[in-house]
Amino acid sequence: MSASPETVSPVLSVRGLSVDARTPTGLKRILSDISFDLKGGETLCLAGESGSGKSVTSLSIMGLYPKASLKIAKGEISLLGRPITALPERQMRAIRGGDIAMVFQEPMTSLNPVMTIGAQLTEAIREHRREEGASAEHLARQMLDAVHITDAARRLTQYPHELSGGMRQRVMIAMALSCRPRVLIADEPTTALDVTVQAQILTLMRELRSEFNTSILLITHDMGVVAEMADRVAIMQNGRIVEQGDVLDIFERPGEAYTRDLLAAVPRLGALAGTEQPPRVSKTEPFIRTDSEPVLAVSGLSVSYGAKSGWFGAKQKAAPVVDGVSLAIKPGETLGLVGESGSGKSTTGKAVLGLVPFSGSVKLDGREIGGLSQSAMRPLRRAAQMIFQDPYASLDPRMSVGAAIAEPLVIHGIGNRSEREDRVAALLRRVGMDAEAASRYPHEFSGGQRQRICIARALALEPKLIVADESVAALDVSVRARVLDLMLELQEQMGLAYLFISHDMAVIEKMSHHVAVMRGGRIVEIGTRRQVFENPKDDYTRGLMAAVPIPDPAHYRRA
Amino acid sequence: MAQILLRRLIQSALILLGVAAITFLLLYALPADPARMIAGRSATAQTVANIRHELGLDQPLVLQFLYYLGGLLQGDLGRSYAQKTEVWTLIAARLPATLTLMAAGILVEVLLGMTLGTIAALNRGRAVDRLVMMSAFVGVSAPQFVVALLLLYVFAATLGWFPMSGYGTLSHVVLPALTLGLLGAGWYARMVRSSMIDVLNQDYVRTARAKGLSGARIVFRHALPNAVLPVIAMIGIDIGQFMGGVVVVEAVYGWPGIGQLAWQAIQQVDVPIIMGVTLTSALAIILGNLIADLVAPIVDPRIRSH
């Protein structure tokens with residue numbers, strides 16, 4: 001950022017870019033009239049919700065969009081003043097990975113599993129910098145050092161599966177920067193990573209931007225990441241840029257209604273400081289807890305996977321995934337279970353529903369479920385239901401919405417056909433959908449609507465406890481906010497207890513009465529929301545909270 | 001590793017025992033009498049009975065089987081009823097021919113299948129893809145003896161490029177290997193195509209493209225090694241399928257291998273030879289699977305570390 005951006009001509013310039021999709025009914029415009037400039041050493045964020053056209057824009061710049069289904073209708077993309085839209089493949093290849101490099105969202109799958117890290121790194125170097133053998137390897141080692149991977153020489157001989165997600169993303173960044181590109185396109189580079197790892201990667205990218213004098217086009221849905229990283233931001237919606245400008249201006253004085261909505265929907269950590277309860281969303285009388293008995297009482301819960309005995313008696317005892325967890329949830333209350341991947345939070349959620357074998361005690365609605373047979377467990381299952389992360393995968397595509405919601409009723413033999421139909425209609429209305437949705441199929445609905453359907457299905461048996469495992473993680477922020485409000489409303493009206501599992505601190509803060517922080521299978525801190533969020537006792541909890549990007553660019557400018 | 005090998009060894013021994021028992025039972029259940037076959041039609045009942053006694057066929061089945069197993073443990077496969085020679089000597093003499101044929105057949109099926117499958121995947125949805133998939137379908141469906149006759153008619157009888165039958169030179173191998181490999185080639189073409197399409201949609205292929213690599217490098221260095229992983233496991237299983245084909249192909253082309261030996265033995269109800277060939281085939285399948293399991297970790301580092 002040494003040269004002032006205003007005086008430098010843009011490194012990358014996009015003018016009036018429109019992209020059509022080939023559909024059975026003809027061409028359909030999915031990107032219209034996209035224009036922006038990326039100046040030297042600058043970070044521009046393309047921000048927007050899913051389907052807004054962020055990724056199509058970046059793939060169009062790289063010439064990597066699927067040519068069978070998409071077509072650039074008009075517009076110009078130029079790199080250092082040279083148009084690249086119509087370049088032949090051969091010349092485009094020199095640009096790809098050479099002048100413009102890209103980092104993708106999924107570090108777990110973006111590296112080739114059967115090639116060593118070294119082979120994948122040196123490949124790009126050999127292709128673009130014409131370095132051979134030892135000198136290419138030397139460069140590769142330097143790049144790993146630059147992204148702070150220790151023991152670089154050994155890493156070069158390792159395979160991707162031997163590295164953690166954060167480490168793989170560092171390798172991806174090293175690979176992208178190894179040919180000193182003018183532009184680095186990063187498409188949701190930290191979305192799949194834990195929040196503490198995300199913070200490290202974002203810091204690394206800022207550091208490398210000045211070190212390598214690379215401009216960054218950062219694509220993200222996360223306004224916190226935008227605030228932390230961007231010099232300028234372009235807000236995208238439905239294939240258009242609705243607003244662009246300096247990040248401080250946009251966050252302080254959003255000009256468009258959509259931008260305002262988007263910013264308003266972002267949960268902010270600390271927004272509820274000083275209050276005991278989650279925000280009230282309905283006007284009903286608060287649900288009164290007549291019984292103080294907890295719906296769920298867990299003590300000393302442990303789960304280990306993969307304990308097996310070999311043929312020759314060599315018993316292998318696996319390390320516990322969940323280790324001595326104790327917690328309790330009362331009716332009408334939410335316990336937020338927060339932690340990073342591998343902390344054992346999902347396994348805990350499954351164990352309390354009796355979905356994985358465990359040791360310790362789990363009392364559901366006053367009854368111990370440990371050691372119950374499948375058939376003895378069945379009536380108890382009515383008391384507790386689960387909502388999963390992926391609303392696309394958790395509904396059977398060949399089952400109508402009505403049938404999916406009615407299925408738990410059928411399994412438990414409740415009501416006759418017409419009674420069940422009435423019940424389904426009532427449930428759909430309850431989650432804010434039309435009753436006629438019952439006859440339609442999951443693919444006709446958006447992600448948020450599908451999650452509502454999943455909630456309706458979970459409510460069908462009138463459970464007392466709902467285990468929500470990352471239930472809003474796959475949803476866009478604005479949709480996420482509405483689904484969270486729906487869950488709060490249902491809780492207020494029906495006195496539901498939630499075990500709300502999430503990696504997202506802000507979401508946990510919004511939803512919870514009590515919070516438990518998990519790490520390595522253990523609860524490191526548990527208490528009321530105010531205790532945990534306003535006065536965290538554990539270093540790990542403090543680290544987690546410090547790592548959450550704050551959706552306020554001014555915060556980072558001050559720093 | 002040593003533990004895994006030991007476990008596999010015990011498993012293999014159990015499989016061979018099972019194969020021996022089942023084959024023995026099946027042969028016993030056959031409505032043909034080996035003693036009568038050896039004695040000939042005009043022989044008296046007494047001659048037949050003598051022969052039966054000589055071969056030990058008048059003993060109870062369990063005893064016969066135990067005797068056989070006893071021999072087997074000492075590496076003795078018994079003597080042929082008809083030829084009076086050691087079964088092992090007969091098989092050993094013919095094994096090289098069959099192994100050559102099988103190696104050539106596997107080469108044909110893998111090379112042809114992988115090439116066609118890759119071409120189809122890269123041209124997905126186009127005419128080339130449909131043509132390849134259609135040929136693959138024909139290859140899978142055509143009975144081997146028909147393929148054999150067709151190849152013989154075109155390349156041996158009409159064009160005269162290859163000899164009609166026999167064994168010894170490279171040109172003798174071509175037609176039998178093609179006949180043997182075409183069926184599997186169709187299989188593999190379909191499998192490699194779908195596996196390749198899957199791999200080409202993977203994130204790491206997109207990464208490779210984003211690096212600016214050439215199309216050839218992406219296909220051969222990045223996609224193909226991943227796409228062949230399921231095929232390697234398949235080859236091991238496939239050897240069983242192959243043995244059936246070997247009998248037909250050796251018979252049609254007069255190839256002096258153990259398939260032909262088995263064919264003659266079946267006609268003469270020569271039980272020791274049938275048993276010997278069956279056990280040899282079973283051993284080949286077990287070894288094939290073992291080799292596939294040993295090769296897989298070399299190609300796939302994720303298996304190596306487990």
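Every chain is numbered from 1 and lettered A, B, ... according to where its sequence line falls, protein lines coming before strand lines.
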Exercise. Please flag which part of B/R217 lies under 4.5 Å from any non-hydrogen atom of chain A: side chain, backbone, both or neither.
Key: side chain
Quiz item: With only heavy atoms counted, which part of A/A119 is less than 4.5 Å from chain B, the side chain, the backbone, both or neither?
Solution: side chain
Practice problem: Look up atom CD1 in B/I218 and atom CZ in A/R93, then write down how far apart they are to the nearest 0.5 Å. | Solution: 8.0 Å
Quiz item: What part of A/Q120 gets closer than 4.5 Å to chain B, counting heavy atoms only: side chain, backbone, both or neither?
Solution: both
Quiz item: Would a 4.5 Å heavy-atom cut-off, applied to side chains only, mark A/M102 and B/R206 as touching?
Solution: no
Exercise. Check whether any side-chain heavy atom of A/N112 sits under 4.5 Å from a side-chain heavy atom of B/V205, and report yes or no.
Key: no
Practice problem: Please assess B/K211 against A/E127 for the test salt bridge (Lys or Arg N to Asp or Glu O under 4.0 Å), listing each intermediate value before the final yes or no. | Solution: CA-CA 8 Å; B/K211 276 188 209 171; A/E127 182 77 32; over 6 Å; no
Self-check item: Interchain contact, A/L111 with chain B, by part (heavy-atom threshold 4.5 Å)
Solution: backbone
Exercise. For residues A/M172 and B/T207, determine if any side-chain heavy atom of one lies less than 4.5 Å from a side-chain heavy atom of the other.
Key: yes
Quiz prompt | Under 4.5 Å from any heavy atom of chain B - which part of A/A124 | solution = both
Self-check item: Close side-chain approach of A/F104 to B/D203, heavy-atom, < 4.5 Å
Solution: no
Self-check item: Proximal component of A/M92, with respect to chain B [non-hydrogen, under 4.5 Å]
Solution: neither
Quiz item: What is the minimum heavy-atom distance between B/A210 and A/M62, and which atoms define it?
Solution: O-CE, 3.7 Å
